[in-house]
Number of protein chains: 2
Amino acid sequence: MERKSSDRKARAPSGAAVQKIELTEALYRALFFEWAEHGFSALSLERVAARAGAGKAAIYRRWPGKLQFADEAVNALGLKMAAFGDKGSLEADIRAFHRRLRIVFRHPVVRKILPDIYAEAARSDEMKAISDRVAQTRRDEAKKVIDRAISRGELPEAIDRDIALDFLPSSIYWRMVVIKSSLSEAQLRLHAQGTTAALKSLW
Amino acid sequence: MERKSSDRKARAPSGAAVQKIELTEALYRALFFEWAEHGFSALSLERVAARAGAGKAAIYRRWPGKLQFADEAVNALGLKMAAFGDKGSLEADIRAFHRRLRIVFRHPVVRKILPDIYAEAARSDEMKAISDRVAQTRRDEAKKVIDRAISRGELPEAIDRDIALDFLPSSIYWRMVVIKSSLSEAQLRLHAQGTTAALKSLW
DNA sequence: TGTGGTTGAGACGTTACCGTTCCATTCATA
DNA sequence: TATGAATGGAACGGTAACGTCTCAACCACA
């Protein structure tokens, strides 16, 4: 998103200095470190700027406030889950889904920031929007997994999709983000096995 | 916990005024409201005192700091899950477990504070201790459910208990606290059904 | 009823962050 | 190379919370 830089460029076709991309990225990095360290609500843009070796104007020129800054930073981080194709069976699909989740949840910064996003989403509509956007690709992939299983005949047409979508990520999220345990390859297999059984039992 | 009031009383056997319990409880209530509203890291004891209609000394005389205050408040809230006896089958036990979870997760304040506790637990050891203590009774009940199922022969002796304990609360937590959806009686039944199937598939 | 210790509420100085403004520097264009 | 717009960093006044301290009110006991 260069939303605002491009706005400005359009307004200034003649000679002009441009925002340094490297500083923008340094600001993103500093934001995430501070976020992980203090949580969003206690996040100080002053500290972020200092950590990035910049002045506060560098932030306020780029973004109108903390939320928009965080919003674009989250987008830039690419918290999105990588898509994947049909793995041939529900259990294989779920294993692939869990493995993608694990990749995301393994980032130490993600593990710290994600519960914070959810906590803050309970308080602010803007953060709710951010959290929804983060969840979007995950939910989309989960839906595809369910749909494929139905068309394979592994799950009944009439399955309660809401509940099915509850089961897909929950055990991994619980273990890795809430409890903060690691997840070995063998345990990942067992989680996929259990989740598959849970889904197949839903009718 | 009257930890410190009793200390003081012991040191002052002669005539003395005593901390008013009603004010202490008003402070707890104010703490929770402010906590839910601003999150722990942005929690201001000044606001808590004001909300309780008290001065700040009322807080600082009772507790050395925010964390200890929160610690005792959480204990006083009784976030502990109610114990329950053998319901005759694994699925019935799980349903009872989920129902107890639902009671706790339905409190609007709990729903806001719980993710915040977990987020903060990733940053501070003291909050980690609080969160562990909150989780204690839940984990104990979960273990009992597993043990009973094993002795009934519904689960194998060699079941991976870690994973089993992951599955027991995770889908309910995910739905009610992370996603913030409600959970109807029928959905609760399906969650128990799915969780039971997941556990039985783990060997 | 008087006395002594403890209480609750508010005031105080300090620190940290907010969001804005200022100014020298930098860079794309002419 | 000269120009001028937009930049980056720092300084500014204002606000809010911190943790401490003071002091009048209160309460249990003698």
Side-chain angles (χ1 to χ4, degrees), chain A residues 2-31 33-35 37-70 120 124 126, chain B residues 2-31 33-35 37-70 120 124 126:
Chain A
E2 45 263 38
R3 2 167 260 89
K4 159 153 308 188
S5 344
S6 52
D7 288 3
R8 261 194 225 110
K9 249 194 168 170
R11 243 186 286 115
S14 66
V18 181
Q19 285 181 338
K20 285 177 192 161
I21 295 173
E22 55 178 6
L23 178 53
T24 303
E25 286 173 352
L27 287 170
Y28 283 151
R29 272 194 302 275
L31 171 73
F33 276 111
E34 287 292 322
W35 192 341
E37 203 162 310
H38 301 281
F40 185 80
S41 55
L43 187 59
S44 150
L45 295 187
E46 195 142 14
R47 275 199 308 263
V48 172
R51 181 162 212 152
K56 283 194 289 182
I59 292 178
Y60 283 102
R61 278 240 181 66
R62 286 173 168 79
W63 306 281
K66 194 159 79 163
L67 268 158
Q68 296 82 354
F69 182 12
E120 193 69 24
S124 119
E126 294 91 334
Chain B
E2 46 262 35
R3 1 166 260 91
K4 156 153 310 185
S5 344
S6 51
D7 288 3
R8 261 194 224 108
K9 250 194 167 169
R11 243 186 286 115
S14 67
V18 181
Q19 285 181 339
K20 285 179 193 160
I21 295 173
E22 55 177 7
L23 178 52
T24 303
E25 286 173 353
L27 287 170
Y28 283 151
R29 272 195 301 277
L31 171 73
F33 276 110
E34 287 292 320
W35 191 343
E37 203 162 311
H38 300 280
F40 184 80
S41 54
L43 188 59
S44 149
L45 295 187
E46 195 143 15
R47 274 199 310 264
V48 172
R51 182 163 210 152
K56 283 195 288 182
I59 292 178
Y60 283 102
R61 277 237 182 67
R62 286 173 167 81
W63 305 281
K66 194 159 79 163
L67 267 158
Q68 296 81 355
F69 183 13
E120 194 68 24
S124 119
E126 294 92 334

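Lettering follows sequence order; numbering is per chain, from 1.
Every residue two or more places apart in sequence or in another chain that forms a side-chain hydrogen bond (donor to acceptor under 3.5 Å, both in side chains) with Arg47(B) is listed here: Glu34(B), His38(B). In this structure Glu37(B) satisfies the salt bridge (charged side-chain N to carboxylate O under 4.0 Å, His left out) test together with Arg51(B), sequence neighbours excluded. Judged as a salt bridge (charged side-chain N to carboxylate O under 4.0 Å, His left out), and not counting sequence neighbours, Glu25(A) has no contacts. Every salt bridge (charged side-chain N to carboxylate O under 4.0 Å, His left out) that Glu46(B) has, sequence neighbours left out, goes to Lys56(B).
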Mind listing the N/O atom pairs, protein and nucleotides 23-25 of chain C, below 3.5 Å?
none

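Going from atom OG of Ser124(B) over to atom CG of Leu67(B) covers 5.0 Å, rounded to the nearest 0.5 Å. From Tyr28(B), atom OH reaches atom CH2 of Trp35(B) across 12.0 Å, with rounding to the nearest 0.5 Å. The CD atom of Gln68(B) lies 11.0 Å from the CH2 atom of Trp63(B); values are rounded to the nearest 0.5 Å. Rounding to the nearest 0.5 angstrom, the gap separating the NZ atom in Lys66(B) from the CD1 atom in Ile59(B) is 11.0 Å. The structure places CZ of Arg61(B) at 12.5 Å from OG1 of Thr24(B), a figure rounded to the nearest 0.5 Å.
Here dA9(C) is the nucleotide among dA11(C), dA9(C), dG19(C) with the atom lying nearest to any side-chain atom of Ala57(B). Distance from the side chain of Leu23(B) is smallest for dG8(C) among the nucleotides dC18(D), dG8(D), dG8(C).
Within residues 39-54 of chain B, the residues having any heavy atom closer than 4.0 Å to DNA chain D are, in order of number, Leu43(B), Ser44(B), Leu45(B), Glu46(B), Arg47(B).
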Pair assignment for DNA chain C - dot-bracket with | for other-strand partners, Watson-Crick or G-U under 3.5 Å: ||||||||||||||||||||||||||||||

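In this structure, His38(B) atom NE2 and dC17(C) atom C1' are separated by 16 Å, rounded to whole Å. One atom, CG of Leu27(A), and another, C1' of dT7(D), lie 13 Å apart when rounded to the nearest Å. If you take OH of Tyr60(A) and P of dT21(C), they are 13 Å apart, rounded to a whole angstrom. Atoms CD1 (Ile21(A)) and P (dT26(C)) sit 19 Å apart, rounded to a whole Å.
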Side chain to side chain contact (heavy atoms under 4.5 Å, CB included) between Leu27(A) and Phe69(A), worked out: CA-CA 9 Å; Leu27(A) 287 170; Phe69(A) 182 12; 4.1 Å; yes

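When all heavy atoms of Leu23(A) and Ala54(A) are compared, the closest pair comes out as CD1-CB, 3.9 Å.
For a distance-only test at 3.5 Å, the side chain of Lys56(B) fails to qualify as a donor-acceptor partner of the base of dG10(C).
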